[in-house]
Number of protein chains: 2
Amino acid sequence: MELVNKRMTKQKRVILDILRNTDTHPTADWIYEQARKVLPDISLGTVYRNLGVLTETGQIMELNYGSSYSRYDGNPNNHYHSVCLKCGRVKDLEMPLHKELEKEVETLNCDKVLYHRLEFYVICQSCQQKEKDKK
Amino acid sequence: MELVNKRMTKQKRVILDILRNTDTHPTADWIYEQARKVLPDISLGTVYRNLGVLTETGQIMELNYGSSYSRYDGNPNNHYHSVCLKCGRVKDLEMPLHKELEKEVETLNCDKVLYHRLEFYVICQSCQQKEKDKK
DNA sequence: GTAGTTGCAAACTTTTTGCTACCCA
DNA sequence: TGGGTAGCAAAAAGTTTGCAACTAC
């Protein structure tokens, strides 16, 4: 948090690689399982500690959409997500940021807006299909 | 969840009253403490169970903004929030819903959008003031 | 009367932390 | 070489659940 030196360890690098090479918005536990394939002795505590550090330094994003556990996103640039209410899958949305919303709030409120988060709760196509098949 | 009959118990009524008479977006634990002032024998499990039922039936909203615990909102109608990054206070925003954002996603994506959530991360006025005072 | 609900406590899940040994800069 | 970091395990924090007794409808 403070102005402490952060080191690049092999554990941190592996975690970052995993996150940058998936678009599944994984949980800490999934990342731990993947990391163990490369570093069998890595501990879950280390995964959590590094996810914390990487979030603080802005290299990844922490998401928590309705569930009791966090998900992580290797893309640190603000973007929007959709969450399927049936299957829980989190998807990146390729739509431009609506920065004007922040202006709207600042005008309304006098609070200083640093960023915003927007997510859409959906029934994804494949879950829609499954519902149709049932009938 | 299913088509089960739900009963109105005194515990549920008290919880609902508490939520409707605050704008602080409280945690389950805070609600429990308040409820105990009226019903000293109420248990935390009952609070959680009722918060779950009330959320399912759409009478309240569950929020979880970055923290490890949920907050609850007695206003079940979709509205936006701002969260102060310094003091953590959650505030209701009196701004109209941007339904057109949902259209944008449906066009982009073919998923069916049920609702969306938008929150703004801010430094609130009083925290801005405190920072100024330090200097 | 009876099925949904309660209080209690134990269990569960996810995340954090204390400690010693280790290793990156 | 020194201080940030790892591994391990225990603990914390938040939430869920099994069960017998109770109560709203």
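Protein chains get the first letters and strands the later ones, always in sequence-line order, with residue 1 at the start of each.
Side-chain atoms of B:R49 and base atoms of C:dG7 include a donor and an acceptor less than 3.5 Å apart. Put simply, the side chain of B:R7 and the base of D:dT23 share a donor and an acceptor less than 3.5 Å apart.
You'll find the side chain of B:D92 reaches within 4.5 Å of the side chain of B:H79, heavy atoms only.
Every ring pair (Phe, Tyr, Trp, His ring centres under 6.0 Å) that A:Y121 has, sequence neighbours left out, goes to B:Y115. With sequence neighbours excluded, no residue satisfies salt bridge (charged side-chain N to carboxylate O under 4.0 Å, His left out) with B:E106.
Alongside A:Y69, the hydrophobic cluster contains no other residue (criterion: ILVMFWY side chains under 4.5 Å).
Of the residues in residues 8-18 of chain B, those with a non-hydrogen atom less than 4.0 angstrom from any atom of DNA chain D are B:M8. Annotation: proximity of residues 26-45 of chain A to DNA chain D (heavy atom, distance under 4.0 Å) is found for A:D41, A:I42, A:S43, numbered in ascending order.
When the P atom of C:dT15 is taken as reference, atom CG of A:L63 falls 12 Å away, rounded to whole Å. In this structure, A:Y72 atom OH and C:dT14 atom P are separated by 12 Å, rounded to whole Å.
Between B:D111 and A:K91 there is a salt bridge, with a side-chain nitrogen of the basic residue lying less than 4.0 Å from a carboxylate oxygen of the acidic one.
Between the side chain of B:E62 and the backbone N or O of B:T55 there is no donor-acceptor pair closer than 3.5 Å. One N or O on the side chain of B:K12 and one on the backbone of B:R7 form a donor-acceptor pair closer than 3.5 Å.
The phosphate of C:dT14 has neither OP1 nor OP2 within less than 4.0 Å of any side-chain N or O from A:N64. Residue A:T46 places none of its side-chain N or O atoms closer than 4.0 Å to OP1 or OP2 of D:dT5. Between B:Y48 and D:dT16, a side-chain N or O to OP1/OP2 separation shorter than 4.0 Å is absent.
Residues A:H81 and A:H25 place their aromatic rings such that the two centres sit under 6.0 Å apart.
Around atom CD of B:E100, more than 12 heavy atoms belonging to other residues, nucleotides or ligands sit under 6.0 Å away.
Relative to the axis of its first five pairs, the axis of the last five pairs of the helix from C:dG1-D:dC25 to C:dA25-D:dT1 sits at 50°, rounded to 10 degrees.
Within the 4.0 angstrom heavy-atom criterion, only backbone atoms of the sugar-phosphate kind lie near A:Y69; the bases stay farther away.
Each of B:V90 and B:W30 belongs to its own hydrophobic cluster when Ile, Leu, Val, Met, Phe, Trp and Tyr are linked at side-chain heavy-atom distances under 4.5 angstrom.
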* Go through the steps to decide whether B:H116 and B:Y80 satisfy the test ring-ring contact (aromatic ring centres under 6.0 Å, His included), and finish with yes or no. => CA-CA 10 Å; B:H116 66 280; B:Y80 301 147; 5.6 Å; yes
